[in-house]
Number of protein chains: 2
Amino acid sequence: MNKGSDAPVFILDRPQMGENIGAAARVMGNFGLTRLRLVAPRDGWPNETAITMAVGSPVLDTLEIFDTLDEAVADLSVTYATTARPRGMVKPVLTGREAMREARGHLGAGASVGILFGGERAGLPNEAIVRSNAILTLPVEPGFASLNLAMAVGVLAHEWRAGDPVPAEFRPLEDRASQEELTLMYEHFETELDRAGFFFPPEKTPLMIQNLRNIFARGGLTSQEVRTFRGAIKALTIGRGRHRVVRED
Amino acid sequence: MNKGSDAPVFILDRPQMGENIGAAARVMGNFGLTRLRLVAPRDGWPNETAITMAVGSPVLDTLEIFDTLDEAVADLSVTYATTARPRGMVKPVLTGREAMREARGHLGAGASVGILFGGERAGLPNEAIVRSNAILTLPVEPGFASLNLAMAVGVLAHEWRAGDPVPAEFRPLEDRASQEELTLMYEHFETELDRAGFFFPPEKTPLMIQNLRNIFARGGLTSQEVRTFRGAIKALTIGRGRHRVVRED
């Protein structure tokens, strides 16, 4: 997959803190985004703090530095301007989720897409908002709306991928038990419960069986778990039929 | 809106860096989440670095500190364990988006929900995964999968707000059992299995317990089901201690 052209470019306009640049590079790498551009970073480049915080993110290999925002967006065709403050502009306002969904459509149609992030102190200048296709704002608390810059990058980097399935190495339930194995386990369990006098009064037996079976049906047991559980039943009951009561109440 | 009860609790298990605790508190506040719990933070509490990084987050006002993860989850009935590594357990694996969507359903049905995050060095211990209803993992790059702790919190705090709730008619399980009720049930079950000689060979006992507990943790039992199941254990074992073996092999 050519990530260079089918994913959005993230642009940090005049970022101040190396910690945030590095954390942004790290989290973009986590979510498979590789195109990060910095516009006039306060402390220049390279920035040791940023490099340390990026912990080897591949994003640093392709990082681009620009003097002006104009240059940084020159080759992009669709841009979203992130802001936590209304700017009094007549412009579409999208959430991160809406913007990323829309961006996928643009990218699929061959457009190049950029997400613009302002510096820590004042956010994006109005002219960056003006030049963008839409405002992107996150559903934050009005009274505590100011996100850390790297966190805003991280939230949108995740949003880019959030609809993907879990990674392949997280194989969910395998070796699911068959209905027959489950039926035999249920019957084993219920037979022993019946012998133990558990099902009382008799008219409630069907409901009790239903409730017990539901526990296991929801659990989605594997064949190994069925064997384990049947072993547990056997362990709890072994010898019961061959015992006699020594003490009588 | 009463955010104290209709939103998930985020639990950081043995976090190390004050920077991450503070950044987590800040971003939770950004997205209107207020319930943060710390289990045995390495540098104790209060932590000046964390407080500085939180920049006045209201989350600090209600922060709770616990000595153990057991205590931190005792009042919760549904928990998700975040991990970037497959643990070889038979358990549902959900993305952040899927888990938050599911969590809304549980919360809507009156359950209390927790999201567990491991410390920076090693992530969550296996027993935290075992006791959880599901694994939560993010769609990261396999070769660069390790998210910063605060970033993981931020991504999920945003995800909490970013998605639409499932329709109200999809009510999942109500009257969820608490972790404490489950712990007592597990101990009851395992005590009886131990008496029955089920745990053999001894070195496999922890794995056998893990496997058994996973069955129930996945199932997400109600309080009524816990009572039913404990009644079943009792039925299978009653009198065993008062019997003697008549036949010997």
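Labels below follow one simple rule: chain letters A, B, ... track the order of the sequence lines, proteins then strands, and each chain is numbered from 1.
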>> For A:L193, which atoms come within 4.5 Å of any heavy atom of chain B: side chain, backbone, both, or neither?
In response: both
>> I need the residue from A:G231, A:G154, A:S57 with the largest number of non-hydrogen atom pairs under 4.5 Å to chain B.
In response: A:S57
> What parts of residues 142-152 of chain A touch chain B if we use heavy atoms and a cut-off under 4.5 Å?
Replying inline: A:F144, A:A145, A:S146, A:L147, A:N148, A:A150, A:M151
>> Take a 6.0 Å sphere around CD of B:E203 and say whether it holds more than 12 heavy atoms from other residues, nucleotides or ligands.
In response: yes
> What's the spacing between A:K234 NZ and B:L236 CG if we round to 0.5 Å?
Replying inline: 14.0 Å
> A:A196, A:A232, A:P165: which one forms the most heavy-atom pairs within less than 4.5 Å of chain B?
Replying inline: A:A232
> Rounded to the nearest 0.5 Å, how far apart are CZ of A:R97 and CZ of B:R97?
Replying inline: 3.5 Å
> What option among A:G197, A:P58, A:G96 has the most heavy-atom pairs under 4.5 Å with chain B?
Replying inline: A:P58
>> Would you call the rings of B:F229 and A:F216 parallel, tilted or perpendicular, taking 30° and 60° as the class edges?
In response: perpendicular
> Are A:E159 and B:E159 side-chain neighbours, meaning at least one heavy-atom pair lies under 4.5 Å?
Replying inline: yes
> Between B:F198 and A:T228, does a side chain to side chain contact (heavy atoms under 4.5 Å, CB included) hold up when you go through it step by step?
Replying inline: CA-CA 10 Å; B:F198 176 69; A:T228 300; 4.1 Å; yes
> Measuring heavy-atom distances to chain A, does B:I135 have an atom under 4.5 Å in its side chain, in its backbone, in both, or in neither?
Replying inline: side chain
> What residue in A:V55, A:N30, A:N214 has the most heavy-atom pairs under 4.5 Å with chain B?
Replying inline: A:N30
> If you round to the nearest 0.5 Å, how far is CG of A:N211 from CZ of B:R227?
Replying inline: 11.5 Å
>> Rounded to the nearest 0.5 Å, what separates atom OG1 in B:T222 from atom CZ in A:R218?
In response: 7.0 Å
> CG of B:L138 to CZ of A:F31: how many Å apart, nearest 0.5 Å?
Replying inline: 4.5 Å
> Do B:P139 and A:H158 come within less than 4.5 Å of each other through their side chains, counting heavy atoms only?
Replying inline: yes
